[in-house]
Amino acid sequence: QVQLVESGGGLVQAGGSLRLSCAASGRTFSSYSMGWFRQAPGKERDLVTGISRSGVSTYYAETVKGRFTISRDNAKNTVYLQMNSLKPEDTAVYYCAARQGLRIGLTEYEYTYWGQGAQVTVSS
């Protein structure tokens, strides 16, 4: 069992930055691949970025490449999402998710554990 708690959301102007954190409980954090998803009102929940168990491999959606960076600290049981050059279209609830396994999952159905979500609002 893994519990995930996100923090760091908020309101920011376009062009600004935010960093989300996701703290995981348990002693097996390093056995989980991690993902950040987001869901805007009326839209599906989509994968934004993912990171492998070791942190060596990452995946980014085209819409955030070059602006967002995912990282993890297995000693602190935490995964981070650094978001730069934010745009109004980045406004959404952001969720971190955990998937036991080597591969980064590309769909929400591949993830077992979810955080409660963090609201990110980017004003124009």
Are a donor atom and an acceptor atom from the side chains of [X] and [Y] found within less than 3.5 Å of each other?
| X | Y | result |
| --- | --- | --- |
| Gln119 | Thr121 | yes |
| Ser17 | Asn84 | yes |
| Arg99 | Tyr111 | no |

Does [X] use its side chain to pair, donor to acceptor, with the backbone of [Y] at less than 3.5 Å?
| X | Y | value |
| --- | --- | --- |
| Thr78 | Asp73 | no |
| Glu6 | Gln116 | yes |
| Asn74 | Arg53 | yes |
| Ser33 | Gly101 | yes |
| Arg72 | Ser52 | yes |
| Thr58 | Ile51 | no |
| Thr63 | Ala61 | no |

Point to revise | Minimum heavy-atom distance between Arg38 and Ala92, given as atom pair plus value | key: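 Minimum heavy-atom contact is CB-CB, 3.8 Å.
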Point to revise | Heavy-atom closest pair, residues Glu62 and Lys65 | key: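 Scanning both residues, the minimum pair turns out to be OE2-NZ, 2.8 Å.
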Check your understanding: Could Arg67 and Tyr60 be counted as a cation-pi pair, given that NZ or CZ must be under 6.0 Å from the ring centre and within 45° of the axis?
Key ->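 Cation-pi check for Arg67 and Tyr60: fails.
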Point to revise | Ring geometry between Trp114 and Phe37 (parallel below 30°, tilted from 30 to 60°, perpendicular above 60°) | key: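 Because their plane-to-plane angle lies in the 30° to 60° range, the rings of Phe37 and Trp114 count as tilted.
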Point to revise | Tyr32 and Tyr113 aromatic ring geometry - parallel, tilted or perpendicular at 30°/60° bounds | key: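 Tyr113 and Tyr32: perpendicular rings.
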For the hydrophobic clusters of this structure (ILVMFWY residues joined by side-chain heavy atoms under 4.5 Å, transitively), does one cluster hold both [X] and [Y]?
| X | Y | result |
| --- | --- | --- |
| Trp36 | Leu47 | no |
| Tyr95 | Leu86 | no |
| Val2 | Ile70 | yes |
| Ile104 | Val48 | no |

Check your understanding: After noting the C-alpha distance and the side-chain angles of Met83 and Val12, does the key distance pass the side chain to side chain contact (heavy atoms under 4.5 Å, CB included) rule?
Key -> CA-CA 11 Å; Met83 303 183 290; Val12 64; over 6 Å; no
Check your understanding: What is the distance from atom SG of Cys22 to atom CG of Asn77, rounded to the nearest 0.5 Å?
Key ->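 Going from SG on Cys22 over to CG on Asn77, the span is 10.0 Å.
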pair [X]-[Y]: side-chain heavy atoms closer than 4.5 Å:
| X | Y | result |
| --- | --- | --- |
| Leu81 | Phe68 | yes |
| Val120 | Leu18 | yes |
| Thr28 | Gln100 | no |
| Leu20 | Tyr80 | no |

